[in-house]
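A short worksheet on the structure shown next.
Values below: all heavy atoms of this structure, side chains included; hydrogens, waters and symmetry mates excluded. From a predicted model like this one, the values you see are computed outputs, not experimental measurements.
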Amino acid sequence: MGSRASTLLREEEIEEIKKETGFSHSQITRLYSRFTSLDKGENGTLSREDFQRIPELAINPLGDRIINAFFPEGEDQVNFRGFMRTLAHFRPIEDNEKNKNAAPSEPLNSRTNKLLFAFRLYDLDRDDKISRDELLQVLRMMVGVNISDEQLGSIADRTIQEADTNGDNSISFNEFMKVLEKVDVEQKMSIRFLH
Amino acid sequence: MEDLWVAVLWGMKIWLYLIISLIMVPAMFGFSLGISETYMTILIKTLEWATLKLQKEKADEQTLKTSASNGLIQREDGSMEKELEELRRSRPKPPVGGDFTLSDCFYFSRKGIESIVEDEVTQRFSSEELVSWNLLTRTNNDFEYISLKLTLVYGLGIFVRYCILAPLRITLACIGLTWLVIGTSAVGFLPNSSVKYWLSEWVHVMCYRICARGLSAAIRYHNRENKPKKGGICVANHTTPIDIVILCNDGCYAMVGQVHGGLMGIVQRAMVRSCPHVWFERAEMKDRHLVTKRLKDHVNDKTKLPILIFPEGTCVNNTSVMMFKKGSFEIGATIYPVAIKYDPKFGDAFWNSSKYSMVSYLLRMMTSWALVCNVWYLPAMHQQEGEDAVQFANRVKSAIAHQGGLVDLQWDGGLKRAKVKETFREQQQKKYSNMVVGDESSNSD
């Protein structure tokens, strides 16, 4: 299994992924072997079922939304490149990356991109707005049957009121960023990847 | 042409005689000529040398080694309460009527992504990662070509393993199994008496010893004074069907299980003739009451051998112990916990049943270096007052995990094939709801 993992991943591919995601060489090869072990169909891509087979993810109230973040709209397979791109959102921001403003495009693990990941968990229909209805649905996923419709409704109303500045009764990404501007997104949306 | 046949036959004869005199006879009476010990010493030296060599070549890539043993990420182990508290610290004021912030999803996202990168369950069903290469092709992860010397030793290893050890081990395993069938059937004709029990035990142990040599098993038993006694239940962690051979090398057990067809069926039917094992038909297995009753009857008969049960119900890769099914702990018998830990350096003992069939697994084992393992007998345990079967099972599991140096997991090994139950997600939702609406709902449960 392990030997297959390192032979199937070409050196150029590793280089490209390294450039795009910022993961180190050994992180990439090890994540690749994780990828292949999740890939029960052995076709080089992961399906939603492959993710759902991880029990810890299956019991996560937002598990389905997180899985969804790996799949571009309308697709139901994700390859290793896409897998890594999504994971890269959770790389911690290193000191040397902070100062590098000259980067051609914003790194995947920037504060904005981390927030965008969270925003899209709520934005079910991908219209770049969180409506009251969407917020309610996501809240329902998180709390299950334990809170009444009425109470959840008032939570949703209040949350939207707090964030909504232009009065359209929904939360845009800008409003989302604004309302969370004091939160330590950099740390809370990061995983400590080892070498 | 004639001459050639004579030579071949003659060679075969010598081969058999050698096996019988050097391996079978010692195995029958349980002593050793020191051949396997010498082999093990040479093996350990070789592997040590290979490790040194690898370290020298890869001195600059030390990180690779350390990370292989530590995993890919470092998890934050804070509870949901603590982490959400931290997330909400930046909020201006906790409003009335439900405490929710948009950043609460950060916690779930991070947990979710962490479990995608690394999780406690699925990784227990694939082979353990090794710190250093043990000169077997199948475990060569990242070090492909290292040096000429190593490659030569590796080549020599292939020759020894496939051309010398494998045929020898296959012969031994065949002899062992045939003996088991013939021996136990023959003993089965004797009238019930102490001689029969004694003979039956001797035949069993002898056959298992021959089989163990067929796997070059080097087993160390610790705390023999705690060995399971008659009228009890021995529970152990489960890595492979070979666990049975390992444990039975040191004494006999009554097996519990389903009647199989084919070769296994023949062996099972022969075994039950000489000593009372508890075999169930497939349909009977589903009837929990019947199973419990037959186990109870067996345990209450103090002349019968201790029952051997693997309460995990599935093979785990020997890095952890997973949930113990409560069935064997409901009977009320004395429980004798046993911890089995294999040394992965000499060959991967874990049977990944979704990937390999029984036969190909056995062939892999027979072409590995050896099967080195430690067996610890733990002091007998009893169900305490006010403790239900599940709690008792967990206590026994922790004891085994602690002794064997294994990770103690709550997860059900059945997740290897089945999906996780919806109730576990509901528990998480409940926990989170309590944080949102505060005490209102926690009062009600």
With a cut-off of 6.0 Å (strictly less than), are more than 12 heavy atoms of other residues, nucleotides or ligands near CZ of A/R120? no
Working to the nearest 0.5 Å, report the span between CD of A/E56 and CG of B/D119. 5.5 Å
Calculate, to the nearest 0.5 Å, the distance between atoms CZ and CD belonging to A/R192 and B/E114 respectively. 10.5 Å
Report which part of A/R65 has an atom under 4.5 Å of a heavy atom belonging to chain B: side chain, backbone, both, or neither. neither
Is there a side-chain contact between B/L72 and A/Q27 in this structure, where contact means two heavy atoms from C-beta onward sitting under 4.5 Å apart? no
Tell me yes or no: between the side chains of A/R34 and B/T122, is some donor less than 3.5 Å from an acceptor? yes
What is the minimum heavy-atom distance between A/I66 and B/G112, and which atoms define it? CD1-CA, 3.9 Å
So which atom in B/S115 and which in A/I54 form the shortest heavy-atom distance, rounded to 0.1 Å? O-CG2, 3.6 Å
Under 4.5 Å from any heavy atom of chain A, what part of B/K419 do you find: side chain, backbone, both or neither? side chain
Heavy-atom contact with chain B under 4.5 Å, split by part of A/L57: both
Which region of A/F70, side chain (C-beta onward) or backbone (N, CA, C, O), has a non-hydrogen atom less than 4.5 Å from a non-hydrogen atom of chain B, or is it both or neither? side chain
Working to the nearest 0.5 Å, report the span between CG of A/L139 and CG of B/D104. 9.0 Å
Okay, A/F193 and chain B: the region with an atom under 4.5 Å from a heavy atom over there is both
Contacting region of A/I67 [heavy-atom separation from chain B under 4.5 Å]: neither
Could you go through B/F106 and A/V183, starting from their C-alpha distance and side-chain angles, then the distance that decides it, and tell me whether this counts as side chain to side chain contact (heavy atoms under 4.5 Å, CB included)? CA-CA 10 Å; B/F106 291 4; A/V183 179; 3.9 Å; yes
B/I116 side, atom CD1; A/L31 side, atom CG - distance, nearest 0.5 Å: 11.0 Å
Of all heavy-atom pairs between A/S190 and B/R110, which one has the smallest distance, and what is that distance? O-CD, 2.9 Å
Of the backbone (N, CA, C, O) and the side chain (C-beta and beyond), which part of B/I113 lies under 4.5 Å from a heavy atom of chain A, both, or neither? both
Answer with side chain, backbone, both or neither: which region of A/V179 has an atom nearer than 4.5 Å to a non-hydrogen atom of chain B? side chain
Rounded distance (nearest 0.5 Å) linking atom CE of A/M189 with atom OH of B/Y107: 14.0 Å
Measure B/Y432 against the heavy atoms of chain A and call it side chain, backbone, both or neither at under 4.5 Å. side chain
Crowded around A/E12 CD? As in, over 12 foreign heavy atoms under 6.0 Å? yes
If we ignore hydrogens and angles and just use 3.5 Å, is the side chain of B/Q429 paired with the main-chain N or O of A/M141 as donor and acceptor? yes
Between A/F35 and chain B, which part of the residue has a heavy atom less than 4.5 Å away: side chain, backbone, both or neither? neither
Specify which of A/L38, A/I171, A/T159 makes the most heavy-atom pairs with chain B at under 4.5 Å. A/T159
Contacting region of B/Q427 [heavy-atom separation from chain A under 4.5 Å]: neither
Using a cut-off of 6.0 Å, state whether more than 12 heavy atoms not belonging to B/K421 lie near its atom NZ. no
For A/I147, is there any backbone N or O sitting under 3.5 Å from a side-chain donor or acceptor partner on B/S433? no
Show your reasoning for whether side chain to side chain contact (heavy atoms under 4.5 Å, CB included) applies to A/L135 and B/F100. CA-CA 11 Å; A/L135 184 58; B/F100 163 79; 4.3 Å; yes
If we ignore hydrogens and angles and just use 3.5 Å, is the side chain of A/N146 paired with the main-chain N or O of B/N434 as donor and acceptor? no
Applying a strict 4.5 Å limit to non-hydrogen atoms, the region of A/L180 in contact with chain B is side chain
If you take all heavy atoms of B/Q428 and A/I59, which pair is closest and at what distance? CG-O, 3.6 Å
Would you give the length of the straight line joining atom NZ of A/K188 to atom OG of B/S109, rounded to the nearest 0.5 angstrom? 12.5 Å
